[in-house]
Amino acid sequence: MIVWINGAFGAGKTSAARELIELIPNSTLFDPEVIGGALPCLLPPKRLDEVGDYQDLPIWRRLVIDTAAALHAEVGGVLVVPMTLLRQEYRDEIFGGLAARRITVHHVLLAPDETILRERISGRPVPSDLSDGDMRVRQWAFDHIEPFRTARADWIDGDAHRVDTSLLTPFETAERLAEAVRSGAAPGCDIVQTPEPTSETLAAGVLLFDEQDRVLLVDPTYKAGWEFPGGVVEPGEAPARAGVREVAEETGIQLTETPHLLVADWEPPNPPGYGGMRFLFDGGRLDSGAVRMLLPGPELRDWRFVTEQEAADLLPAVRYERLRWALRARERGVTLYLEAGVPLGG
């Protein structure tokens, strides 16, 4: 499992993590800062200059997932990860990626009083030859107090087990964290465990429409990005039935009729993805009032009905092309066969 220690910059996450690995048997410290430190060696400066925070780079998030999983496979036991997470979609992507590898994450939050937090940032030991760079690091910590306060109100306090560390030493903080994990006060994150594919997959999505013929898109909690309701077809399961099942599991909407197939699209491998066949079905029009009572479902962070043009701004290009041709097929009352989003055979 992983104990992920969240908290504002300067909250003492790393100090507590170092103490915690002494209290939890067979535990290892993994600091994702090493990933950020390696990126200047991997990416061109132009790409790095495009973001103000390494966490905004998809490669950083993927490397954190893959490195944590590889380290866990190598040493086993418990990984202790001190790292600030402000954006909920990054939490969902990272924790969901770890859950897909069957690694449970216990999310804990160090929450000292803000006055004490500011005192700790100001009181950090300063070398006599303090450089402007060190000053900028300190100011950076101050500048992120307000965004972290906002993130706590938006989602962190409802997701993580909170420990008030205002009057605690790093060792006392570690004791509280160890007890919270042992007792279940800091349970494993309740996130859908969708296994990472190891070969080509068969997936079924269902397009659902409102009275204005806008299509329903959903934002899953367990991975990044918008998509249609749907998922991987299980062994021995018919694709249409899989689509109906996934709609019910994700949204609570029960489709009573077998949906009509709009497109069958072969998605080529694009490492690290394996590709495979992707089906899109027409689930028909929904009563928008009833939908609003059901959504968001247990696996969704958000949902919305969108026009085709709005979908272009939300969906990855490959998914948008699949949607675009599915809408054309729906207009014409036909089924289209696609390869990599391009229709073949007329």
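This one's a predicted model, so the numbers in the text were calculated from it and none came from an experiment. FYI, side chains are in, hydrogens and waters are out, and symmetry mates aren't considered; it's all heavy atoms of this structure.
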So do I94 and W60 actually touch side chain to side chain, heavy atoms under 4.5 Å? yes
Does any non-hydrogen side-chain atom of F171 lie less than 4.5 Å from one of L23? yes
Taking the six-membered ring for Trp, are F281 and H260 ring centroids under 6.0 Å apart? no
Are any non-hydrogen side-chain atoms of L177 and V3 less than 4.5 angstrom apart? no
Hey, does the side chain of S166 reach the backbone of D113 with a donor-acceptor pair shorter than 3.5 angstrom? yes
With a 4.5 Å cut-off on side-chain heavy atoms, are V206 and L280 touching? no
Judged by atom type as modelled, is there a donor-acceptor pair below 3.5 Å linking the side chain of E22 to the main-chain atoms of E19? no
Cluster check V318, L207: I/L/V/M/F/W/Y, side chain < 4.5 angstrom: no
Is there a path of hydrophobic side-chain contacts, each under 4.5 Å between heavy atoms, that joins L79 and F95? yes
Do L168 and L110 sit in one hydrophobic cluster, given that two such residues count as connected whenever their side-chain heavy atoms are within less than 4.5 Å of each other, even indirectly? yes
When you measure from the side chain of H106 to the backbone of V181, do you find a donor-acceptor pair of N or O atoms at a distance under 3.5 Å? no
All heavy atoms of L86 vs all of A151, minimum pair found to be O-CB, 3.4 Å
In Å, rounded to the nearest 0.5 Å, how long is the span from CD of E237 to CZ of R241? 9.0 Å
Any donor-acceptor pair under 3.5 Å from Q55 side chain to T84 backbone: yes
Side-chain ion pair, D66 and R101, N-O less than 4.0 Å: yes
If the test is side-chain contact (heavy atoms from CB on, under 4.5 Å), which one of L57, L39, V34 qualifies with L63? L39
Electrostatic pair D213-R330, nearest N-O below 4.0 angstrom: yes
Which heavy-atom pair separates W266 from Y337 by the least distance, and what is that distance? CB-OH, 4.3 Å
Are L315 and L336 connected into the same hydrophobic cluster when the rule is that any two of I, L, V, M, F, W, Y join if their side-chain heavy atoms are below 4.5 Å apart? yes
Whether R304 and E310 form a salt bridge (side-chain N of Lys/Arg under 4.0 Å from carboxylate O of Asp/Glu) is what I want to check. no
What I'd like to find out is whether the side chain of F30 reaches to under 4.5 Å of the side chain of P82, using heavy atoms alone. no
Is the shortest side-chain N to carboxylate O distance from R162 to D157 below 4.0 Å? no
Partner of R87 by salt bridge (charged side-chain N to carboxylate O under 4.0 Å, His left out), out of D53, D56, D154: D56
Donor on one side chain, acceptor on other, T201 and R278, under 3.5 Å: yes
Tell me whether R176 at atom CZ has more than 12 heavy atoms from other residues, nucleotides or ligands lying less than 6.0 Å away. no
R328/E308 ion pair, N-O < 4.0 Å: yes
If we only count heavy atoms from C-beta on, is the I21 to T28 side-chain gap below 4.5 Å? no
Ring-face cation of R319 near F228 (centre distance under 6.0 Å, axis angle within 45°): no
So, N6 side chain and L109 main chain: donor-acceptor pair closer than 3.5 Å or not? no
Test your reading of the model: is there a side-chain donor-acceptor pair from T169 to the backbone of E172, 3.5 Å cut-off? yes
So, the side chain of T307 versus the backbone of R214: is there a donor-acceptor pair under 3.5 Å, distance only? no
Under 3.5 Å donor-acceptor, K13 side chain and A8 backbone: yes
Are W4 and M1 grouped together when hydrophobic residues (ILVMFWY) are joined by side-chain heavy atoms under 4.5 angstrom apart? no
May I ask you to test the L216-D210 pair for a side-chain heavy-atom distance under 4.5 Å? no
Taking side chain as C-beta onward, heavy atoms only, is I5 less than 4.5 Å from M83? no
Using modelled atom types and a 3.5 Å cut-off, is there a donor and acceptor pairing between side-chain atoms of E74 and backbone atoms of L71? no
Return yes when atom CD of E50 has more than 12 non-hydrogen atoms of other residues, nucleotides or ligands closer than 6.0 Å, and no otherwise. yes
Expected output: side-chain S27 to main-chain I24 donor-acceptor under 3.5 Å: yes
